[in-house]
Amino acid sequence: MIRGLYTAAAGMIAEQRRHDTVTNNVANLNTPGYKGVNSVNRAFPEMLISLMGSPDDTKGTIGKLNTGVFAEESLINLSQGDLNETGRSQDLALVSDILVDGQAFDDSGKFVDANGNVTYQPQALFTVQNANGERRYSRDGGFRTTADGTLVTPDGMEVLGVDGQPIRVEGTWDNVQVTADGRLIDKETQQPLAGNPALLLTEVNDPNQLVRQGDGKYVYAGDPNGLRQVQAGERVEIKQGYLERSNVDASQSMVDMMSALRAYEANQKIVQYYDRSLDKAVNDVGKV
């Protein structure tokens with residue numbers, strides 16, 4: 001009886017975390033460059049139940065018993081979001097569809113081979129650095145400039161160029177054109193700006209190694225060899241005057257939210273049932 005109580009309680013905790021994940025996605029529906037998160041649940045190891053004291057050992061096996069579920073991890077969905085035209089010269093949107101030989105990725109950016117091995121589609125991100133000089137990665141291209149012409153994120157992180165230094169532009173950005181491959185040129189003369197500045201776009205081989213840090217920023221926690229600069233000819237393009245919308249599906253999120261709520265309520269009723277059963281066992285059966 002107590003085991004069933006623990007199983008139901010574990011289910012409630014897992015569904016609460018799933019509900020929290022979905023509500024966070026819904027809250028960021030209008031956040032540029034936001035990538036939805038999917039909560040992954042996993043069952044506790046199953047136990048083999050056997051009948052004790054059976055004269056025939058071959059008939060003593062009853063079956064397997066599942067002992068509960070837990071929220072194992074939250075996976076980031078880095079699939080491409082729709083583009084929203086703003087007309088603002090400092091708004092930049094990334095369109096990334098990097099191909100890998102012999103692999104056809106589905107809409108979620110996943111490929112499963114005949115042996116069940118899973119490969120995730122590499123993704124391109126803007127490269128920025130915080131006040132401590134630590135690199136972070138983002139798909140939010142809603143940039144602005146400081147008084148000295150440095151290109152920064154909305155929260156003040158500097159946007160890096162291919163030389164590893166912050167992007168700085170003298171004068172107004174109205175005369176700056178960002179090419180599809182990230183080079184900054186003069187809009188009128190079509191000549192590169194002083195110093196040949198270009199945005200540093202980083203390709204992440206395994207997006208699941210990105211750890212969310214808030215404000216649309218990620219830190220890479222995997223093998224350093226899993227990062228490299230986006231190469232010419234890859235299917236990565238920058239759109240100036242656009243912002244990438246959140247890739248969260250609002251209708252699917254509402255369905256997931258209601259599903260998590262109903263599952264939570266079902267587990268809650270099981271806990272209440274066990275509570276009534278224990279109450280009767282202690283207060284009624286115990287008096288006999």
Side-chain angles (χ1 to χ4, degrees), residues 10-11 13-26 28 33-46 64 66-82 94-127 135-140 201-214 216-231 233-237 244-253 255-257 259-260 263:
I13 295 173
E15 293 303 330
Q16 181 180 1
R17 292 181 178 174
R18 178 185 171 200
H19 187 272
D20 292 344
T21 298
V22 177
T23 53
N24 184 63
N25 288 340
V26 173
N28 286 280
Y34 178 82
K35 299 302 179 182
V37 178
N38 299 318
S39 179
V40 179
N41 292 342
R42 180 179 179 181
F44 287 117
E46 294 180 336
K64 295 181 179 180
N66 191 292
T67 56
V69 66
F70 68 100
E72 182 180 30
E73 59 182 335
S74 295
L75 297 179
I76 303 171
N77 175 17
L78 281 170
S79 60
Q80 181 69 43
D82 295 331
L94 263 179
V95 180
S96 176
D97 186 22
I98 299 174
L99 300 180
V100 178
D101 292 340
Q103 298 179 347
F105 298 101
D106 59 20
D107 292 338
S108 65
K110 183 172 61 176
F111 169 76
V112 183
D113 64 16
N115 297 322
N117 299 315
V118 179
T119 303
Y120 292 93
Q121 185 176 26
Q123 296 292 335
L125 297 95
F126 295 109
T127 310
R135 290 192 176 186
R136 298 293 182 263
Y137 306 95
S138 176
R139 287 292 288 261
D140 182 2
L201 303 180
T202 299
E203 178 182 327
V204 181
N205 188 48
D206 183 3
N208 288 321
Q209 297 300 321
L210 293 172
V211 180
R212 189 186 299 271
Q213 287 206 325
K217 308 298 187 303
Y218 303 93
V219 59
Y220 183 72
D223 186 347
N225 294 326
L227 294 177
R228 69 183 181 94
Q229 181 180 337
V230 171
Q231 303 299 309
E234 293 189 289
R235 298 178 60 174
V236 177
E237 182 181 2
E244 183 183 3
R245 291 194 180 105
S246 165
N247 67 351
V248 175
D249 186 333
S251 57
Q252 184 60 49
S253 294
V255 172
D256 292 341
M257 189 184 302
S259 175

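Below, all heavy atoms of this structure are taken into account, side chains as well, without hydrogens, waters or symmetry copies. Note that the numbering runs from 1 along the sequence shown for the chain.
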Asks: Return the set of residues passing side-chain hydrogen bond (donor to acceptor under 3.5 Å, both in side chains) with Gln229 (not counting sequence neighbours), or none when no residue passes.
Replies: none
Asks: Return yes when atom CZ of Arg245 has more than 12 non-hydrogen atoms of other residues, nucleotides or ligands closer than 6.0 Å, and no otherwise.
Replies: yes
Asks: Can you name the side-chain hydrogen bond (donor to acceptor under 3.5 Å, both in side chains) partners of Tyr120, sequence neighbours left out?
Replies: none
Asks: Who are the salt bridge (charged side-chain N to carboxylate O under 4.0 Å, His left out) partners of Arg136, not counting sequence neighbours?
Replies: Glu134
Asks: Assess, by modelled atom type and distance only, whether the side chains of Asp249 and Ser251 contain a donor and an acceptor separated by less than 3.5 Å.
Replies: yes
Asks: Are a donor atom and an acceptor atom from the side chains of Asn28 and Ser246 found within less than 3.5 Å of each other?
Replies: no
Asks: Just checking, is any N or O donor in the side chain of Asp223 or Gln209 under 3.5 Å from an acceptor N or O on the other one?
Replies: no
Asks: For residues Ser39 and His19, determine if any side-chain heavy atom of one lies less than 4.5 Å from a side-chain heavy atom of the other.
Replies: no
Asks: Under the side chain to side chain contact (heavy atoms under 4.5 Å, CB included) rule, collect the residues that match up with Asp256, sequence neighbours excluded.
Replies: Arg18, Val22, Gln252
Asks: Thr202: which residues meet the side-chain hydrogen bond (donor to acceptor under 3.5 Å, both in side chains) condition with it, sequence neighbours left out?
Replies: Thr127
Asks: Does the side chain of Asp140 pick up a donor-acceptor pair with the side chain of Tyr34 at under 3.5 Å?
Replies: no
Asks: Walk me through whether Asp206 and Tyr220 qualify under side-chain hydrogen bond (donor to acceptor under 3.5 Å, both in side chains).
Replies: CA-CA 10 Å; Asp206 183 3; Tyr220 183 72; over 6 Å; no
Asks: Using atom types as modelled and distance alone, determine if a side-chain donor or acceptor of Glu203 lies under 3.5 Å from a backbone N or O of Leu227.
Replies: no
Asks: Under the rule for side-chain hydrogen bond (donor to acceptor under 3.5 Å, both in side chains), what residues qualify as partners of Gln16, not counting sequence neighbours?
Replies: none
